Every structure is written in C-alpha cells, then in structure tokens.
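Structure record follows, encoded as structure tokens.
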Amino acid sequence: MDITSIINPLNDAQREAVSAPSRAMLVLAGAGSGKTRVLVHRIAWQIQVEGHSPHSILAVTFTNKAATEMRTRIEDLLNISARSMWIGTFHGLAHRLLRRHAKDAQLPETFQVMDSDDQLRLIKRLYKNLNLDEAKWPPKQAQWYINGQKDEGIRAKHMPETGDFFQRQMLAIYKAYEEVCQRSGLVDFAELLLRAHELLRDNPETLSFYQQRFRHVHVDEFQDTNTIQYAWLRLLTQDRDNLFVVGDDDQSIYGWRGAKIENIYRFQKHFPNHKVVKLERNYRSTGHILKAANRVIEHNEGRMGKELWTESGDGEPISVYAAFNEQDEAYYVVERIRKWVHEGGSRSDIAILYRSNAQSRQFEEKLIATSIPYRVYGGLRFFDRAEIKNALAYLRLMANPDDDASFERVINTPTRGIGAKSLDDIRVLARDKNLSLRQAVEFAIAQKLTTPRAGNAMSGFIALVRSLAEQTQGLPLFEQVKIVVEKSGLIEFYKKEKGDKGEARVENLEELVNAARLYEYDQDNEENLSELDMFLTHAALEAGEMQSNAEQDCVQLMTLHAAKGLEFKRVFMVGFEEGLFPSQQSVEDPGRLEEERRLCYVGMTRAMENLCLTYAESRRLWGRETYPKASRFLREIPAETLQEVRMRAQVSRPVSFTGNMDSHEPGTYKLGQRVRHEKFGEGVVLQREGSGAQERIQINFQAVGIKWLMLSYAKLEGVGA
DNA sequence: CTCTACGAATTTTTT
DNA sequence: ATTCGTAGAG
C-alpha cells in the first residue's frame, strides 16, 4: 500500500484537496465531481501518508447510507478495518456521545430515542394537559417550532416570556415538552444534537478529551448543516484548523428544515487560514446536460461560483415534451421507458423525478398498465409502520418503563378496556405529581383512585410488561422479540383485523423477528449497550429502506429531494410547471425560489446520458382543472441543448374549453395543415381520431403516402403558418 | 369501543 | 380527488 494508489486515481483538483497539509479546508464539490472519493482518499492519506491512527479520524455525514458507503470505501482502499474510526451521521455520533456520557449530559442511562412520530404524539398529549385547542394551533406547528428552536440551539429557558400570544403559547408547549422528555428519558432527533453540543460545551474535560482524540474532522454535505451541527463541529475543532468540509452551495435544498447555507461563509470567516478547492470536472453527465444545468443555476445570486465541465462529448440533446395533461405526460414517459426497455435497456437505469409525492400516482398507474416493474422511494419505511412501532414500544418499555411515549402508545394496544377517560385521569395525575405515566398508574392503583375495572386493566398491562421483561431475560434478541410479539397479544390482535391489512401487519411482525435475528450485535461496543438497546437505537436512528422488490430491475420513482446523491442513465423530470415546480409557496420569496432552482440543478445533474423534461398544459389539481404555465426553469435552459418533442399548442383555447380528454381538443394541428415528420418528411393532416394520449392523426406524406401516427409521440412539427 | 360521516388540508424529509 | 383526522352516534 503506497501513496500512488491514493493519489493516482485523482485529478488535479482532487489531488490538491487530498494531499493538502493539515489545515481547514473547504472543498466545493460540484455534482458528480467525485466528492466521496475525495473524502475517502483524504482520510486514507492521513492514515497512510501522514501516519495518523484511524482512531484519530472523525467523519460526519447526514445519512446512514453515506456513512456506510464511506466506511466501506475506506476499508476497501486501505484494506484495513475502519472500526476504530468514528464515521457516522450527526445524529448517530451525538447518540454515541450521549450514551457514553449520559450522566454528564443529565440523561438517565436508559434514555430512548424518539422519532418524529413519537414526538408528535407526545406533543398532542401535552395539548390535552395544557387544555389547548388543536384546531387553533396544529400540533405539527408546535413540533416544527420546537425543533426549529432546538436546531438553533435555543432552549425554552433562553426565551423571553414576552412576545405575542402565539409566541407565549408555543413557549408554554416547549417548556412542558422539555419537562416530559426529561422525566421520561426521551430524546428526540434535534435533542440529540443539542444535548451533544451542551455536553461538550459544559464539560471542559470531556471536550478536551475529544478534541485531543479527533485530529481530523471531516464533514460531508456541509451545505446541509444547521446551526447546532456547525456549533458542535466548531467546539470539536476550535482553533485547531483541522476541519475538512465538502459541500456544494448549489445543492443546498434543505433550507426549509434548518440547513444553513451560510455555514459555508461562516466557515471561511471562522477559519481564516482555510483553503478552498473547487471540484468542477464532472464524471457523470454529458456536455449538453451540464451546460443546461450550469445555465440554470447561474440565475441564482451570491453563489460561490462553479462551472461544471466534462471531457465526454455533448451527448444527446435534452428533450422537452409539452403534454396535453398529466395523463398524457405519464403516457409519454412510460412509452419512452417501454421503448428503451424493449431495446434492451435496464429499468433500474431509469428514474422519474417529481417535485411532490402526489405526482407519482399517474406514473404508477401507467407503469402498472404497461407491466413495467417500478419502485417508489419514500413513504412508509419498515420501522415506521404502526405495528412495528407498537412492538418496539413494548420492547422499549421493558428497557425503560418510564418511557411515556411508548407507554401511551401501547397501554391500550391491543385493546384491553382502558378508555380515553381513564387515560386522561392518569395524565392529569402524572402531571400534578410529576410522575411518569407508569408511576402514575401504580400510584392510582395503590390509592384506589380508579374504577375497579380500569384499575384491573391497567395493572394487567403493567404486569404484562414486567412479565415480558422477566421472560425474555438473558434470551437472544430474536427470541425476545418473538416472545414480545406473541405474548403482548399484538399478533392475535392483528389477526382479527379484517382483510389483507391485518395479514400484512402480522407478516411485518414476523419480519421484525427476522430482522432481530439478522441483526448483528457488536458485543464490544464501547458504550456497553445491551443487544436490545442497540437494536432499539438501530430502529430509531436507522429506520432503513427495508422495501420490497429492491432487488428487482425496477424503474425508480422519487422526489427530486430524494434523488440527491444518486445518478441514473436516463432521467425524466416531470411537472415543469409554474406553481408545481417552482412550487406555489416559493414563487413569491426570492430565497425559496433560489432553493427551487437548486433543486432543478440537482435533478438535472442526476442524469448521465439522457434527460427528458416534461410539463402538462392542463393538470387536474385538487379536483380542479388547472392550466399552468411552463416552468421558468425551462426558459433558463439554453435552446441549443434542447429538443422539443411536441411544439406547444399555438392556438389559444376557447375560454369554454375544459381540457377534458373526452372533449375534442383542437391540439396543435388543424386538418389540412402542412407538417413535417422526422423520418417521413412533409405531409398534410387529413384526419384525427381519439383524444389525449390516445389521439391519432392521419397524414398524407409526399414521400411515403398516408399514415396514421400517435400524436403523443410522433415527432411532428408544423410547416409554414 | 368501533363505525361512519363530515370537514380540512394538500412541497420537499433524514435522523 | 384523496387522504387523514376528529366528532358523534350506535
């Protein structure tokens, strides 16, 4: 293993970044410019060439996927185990710190991680305690508010009691929420980061220990860091100039959830000795695609400035299809996919990218009708399913009986006759006496505060959890899960549920047992977590894909956001319409509009060989027919990179025209009009038949005679007026 | 407790 | 249109 294998596979800019002397470094990595490669090789350089121990490396990512990939690639490159390196997500690493220093972080050893769903339930419960009207202040809003404050590093105690009614209300909820979490040993995602930050900030010895340990700190997707994440990084690196960040201001698409693109500027200010390296050579896309993407993103202001280039040729032009409506749009896309697959193309090389999830439906329907397998990304993940979360709640209660979120979740699941009234009483009692729900129940039973019936049911529940804990003591994880799933009555409960739904849920529970069996427990984990605790953390922090037909050769459907970091040979970006993309909510605000434009840039740069953009001239939206304008982003793409598949209708529609497929759409071509076809040359329109996607047009070609063509994908253009 | 009916909302999402 | 959540009745 020598220096050449680390340096040789790199281009000049990459090499510069990888081999720079240790100092603060900002790598501006354009899409497809090999940013992971730079990170991996940089770490390899520090170990192999600079002679630093893997132990001294910290690398932070946003997703588990990115962390796993980085770890694997380092191991492959260096042929060593990367175990002793701290490579993980912000949340995962924060969790690790908190487990190790639970006491210093003022957390119980048994603290559990709560996902957003748990968090929302907890907030809803607080509404009842505080007597708040859910209709007036949606719990979602309170959740958003709390997380927003935490992302900024602000605790309830930091906030002034003044402010308008809304502010005071939110503050009250925030306060109450913090109390419940503390009492029940629950930590939400934002709290992991905030707490980890406070832990280091308030414990100089701990901080200094980690500062010493981590000689090199690396951050992936730096443009996505929020305030508290950056503050945490700064604590760890302080003035030591050992922060190596990789990011792309043009790919910042998570501003709406607290990501601060400004952190790039702050970095430059905070680390005056920093060096900037730009990676602009792209290894993914064709020249046309890059040119178009470059031109689009140029419309944004205040960029760091980057221009992607490639040595591969221009490639095919980007095609643009103006569909009649969303049906036609889907039809066209699927038809092109069908052809491509027919010619031997691989389905998994194809992606359909859309702005909002609701758009997937049309495409799914057409894909099903054409028997093309597909996979929709996003949506419910395995560990997010209700039945799985219920089973996990039992497991969590066994580990921490005071976990109120889990307690509330399953105290009456399966139903055991504990109604809303009894629960309410318990909540009030818990709040008044500052007890966890479990403690409140025990108190109520001891004091005979409940009706005998509810009391019996509740003590039955507590006994059940206790007996589950006893029965599973010392058993292997999957046995524990198996026993819990069966003896909690969940299986029984879902078996009774009618239809396929219950059946699927039972299967999922069985799958959970299986997942537990396959779970690889790291016995020597430095935090000394039990197998169950590790598994529960895994479930909370790595909800995982776990989706069916992942192995199959499938067309990939996902939102533009979900596509970040991925690449596909052929990409369809659909719904290029004002109000959809850019989204309605963003058009008034220049900042948000720029984020939409970055989203467009991200989408376009996913494509390797072929990019196709579509929009619909009419679209059914919320049950109404709308006539959107083509997206401004389309106009920002240089014409020489484009090829219009169907010219936009020149004729303006009569006002009464509804755009319904069943009415006769005047379309682009009138009878008798002269048209030109790519292959067949010029001809005259004789007849038309059908409508929308099915519309056919009969043309008398000078060269080849009379032909019927499918209007939606015959490449026709008008001749003359 | 479960079922039905009505009303409201409806970008993007990882951890 | 569709979905989701709540309220009210059975």
Side-chain angles (χ1 to χ4, degrees), chain A residues 60-67 88-95 113-120 124 127 133-135 138-141 144 147 150-151 187-194 196 220-221 224-226 228-229 252-259 326 353-362 377-381 383-384 412-423 457 496-498 537-545 558-565 575 579-587 589 592-593 595-596 598-600 602-603 619-626:
Chain A
V60 199
T61 65
F62 277 87
T63 64
N64 292 298
K65 198 174 157 206
T89 63
F90 277 102
H91 294 85
L93 296 170
H95 174 261
V113 180
M114 214 179 3
D115 68 21
S116 357
D117 186 54
D118 302 326
Q119 186 186 33
L120 189 61
K124 283 184 177 168
Y127 269 58
D133 185 2
E134 290 203 7
K140 275 259 201 291
Q141 194 174 17
W144 183 263
N147 290 337
K150 289 190 179 185
D151 284 346
V187 173
D188 62 52
F189 290 135
E191 182 75 22
L192 284 169
L193 305 173
L194 180 52
D220 189 18
E221 306 277 22
D224 288 338
T225 51
N226 64 28
I228 197 72
Q229 287 162 337
S252 161
I253 55 174
Y254 287 111
W256 52 273
R257 65 174 197 215
E326 75 280 355
L353 309 183
Y354 35 79
R355 177 65 241 265
S356 72
N357 290 114
Q359 286 168 263
S360 74
R361 239 196 61 200
Q362 320 289 150
Y377 281 73
L380 255 204
R381 285 163 315 169
F383 284 112
D384 290 337
N412 200 32
T413 313
T415 42
R416 45 175 76 81
I418 301 168
K421 182 69 180 67
S422 319
L423 255 176
K496 276 191 288 194
E497 205 171 283
K498 58 182 179 346
T537 302
H538 166 73
L541 251 32
E542 300 162 46
E545 304 272 315
M558 67 191 83
T559 63
L560 288 160
H561 282 90
K564 189 166 89 147
L580 231 200
F581 186 42
S583 77
Q584 195 54 56
Q585 294 90 326
S586 65
V587 285
D589 177 350
R592 303 184 74 184
L593 185 70
E595 185 153 304
E596 295 284 304
R598 293 194 288 267
L599 197 51
C600 182
V602 166
R619 180 180 297 272
R620 247 204 147 87
L621 216 54
W622 310 328
R624 248 167 228 302
E625 207 68 36
T626 59

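Heavy-atom basis, side chains included; hydrogens, waters and symmetry copies ignored. Just so we're on the same page: letters track the sequence lines, and every chain starts at 1. Given the structure is predicted, the values throughout are model-derived calculations rather than measurements.
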Measuring from the side chain of [X] (C-beta onward, heavy atoms only), which nucleotide among [options] has the closest atom?
X	options	value
A/T89	C/dT2, B/dT10, B/dT15	B/dT15
A/K124	C/dT6, B/dT12, B/dT14	C/dT6
A/L541	B/dT14, C/dA1, B/dT15	B/dT15
A/F189	B/dT12, B/dT15, B/dT2	B/dT15
A/Y254	B/dT15, B/dT2, B/dT13	B/dT13
A/H91	B/dT12, B/dT15, C/dA1	B/dT15
A/N412	B/dT12, B/dC1, B/dT15	B/dC1

Can you tell me the distance, in whole Å, between the [atom1] atom of [X] and the [atom2] atom of [N]?
X	N	atom1	atom2	value
A/W144	B/dT13	CH2	C1'	9 Å
A/W622	B/dA8	CH2	P	16 Å
A/I253	B/dT13	CD1	P	9 Å
A/D115	B/dT15	CG	P	12 Å
A/Q359	C/dA1	CD	C1'	15 Å
A/D117	B/dT14	CG	P	14 Å
A/N357	C/dC4	CG	C1'	15 Å
A/K140	C/dT6	NZ	P	11 Å

Taking [X] first and then [Y], would you say they form a salt bridge - that is, a charged N and a carboxylate O separated by under 4.0 Å?
X	Y	result
A/R619	A/E625	no
A/R620	A/E326	no
A/K564	A/D224	yes

* Asked: A/R361: what forms a side chain to side chain contact (heavy atoms under 4.5 Å, CB included) with it, not counting sequence neighbours?
  ->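 A/R361: side chain to side chain contact (heavy atoms under 4.5 Å, CB included) contacts with A/E365.
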* Interatomic distance at P, C/dG5 relative to B/dT12, whole Å ->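 16 Å, rounded to whole Å.
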* Rounded C1' spacing from B/dT14 to C/dT3 in Å ->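 Pairwise C1' distance, B/dT14 against C/dT3, rounds to 24 Å.
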* Let me see the working for A/L192 and A/L541 under side chain to side chain contact (heavy atoms under 4.5 Å, CB included), right down to the final yes or no. => CA-CA 11 Å; A/L192 284 169; A/L541 251 32; 3.9 Å; yes
* Asked: Between A/I418 and A/L560, who's closer to the 5' end of DNA chain B by nearest nucleotide?
  ->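 Result of the comparison: A/I418.
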* Under 4.0 Å between a side-chain N or O of A/T559 and OP1 or OP2 of B/dT13? ->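 Affirmative; the distance criterion is met.
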* To do: Report yes if a side-chain nitrogen or oxygen of A/R257 is closer than 4.0 Å to either non-bridging phosphate oxygen (OP1 or OP2) of B/dT15; otherwise report no.
  =>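 No, because none of the side-chain N or O atoms of A/R257 sits under 4.0 Å from OP1 or OP2 of B/dT15.
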Please classify the nucleic acid contact of [X] as base, sugar-phosphate, or nothing, using heavy-atom distances under 4.0 Å.
X	value
A/R598	nothing
A/S586	nothing
A/N64	sugar-phosphate
A/L353	nothing

* Asked: How about A/Q119 and A/N147: does a side-chain donor come under 3.5 Å of a side-chain acceptor?
  ->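 Checked: A/Q119/A/N147 side chains pair up, N/O donor to acceptor below 3.5 Å.
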* Could a donor-acceptor pair under 3.5 angstrom be found where the side chain of A/S356 meets the base of B/dT10? ->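 When only heavy-atom distances are counted, A/S356 does not reach the base of B/dT10 through any donor-acceptor pair under 3.5 Å.
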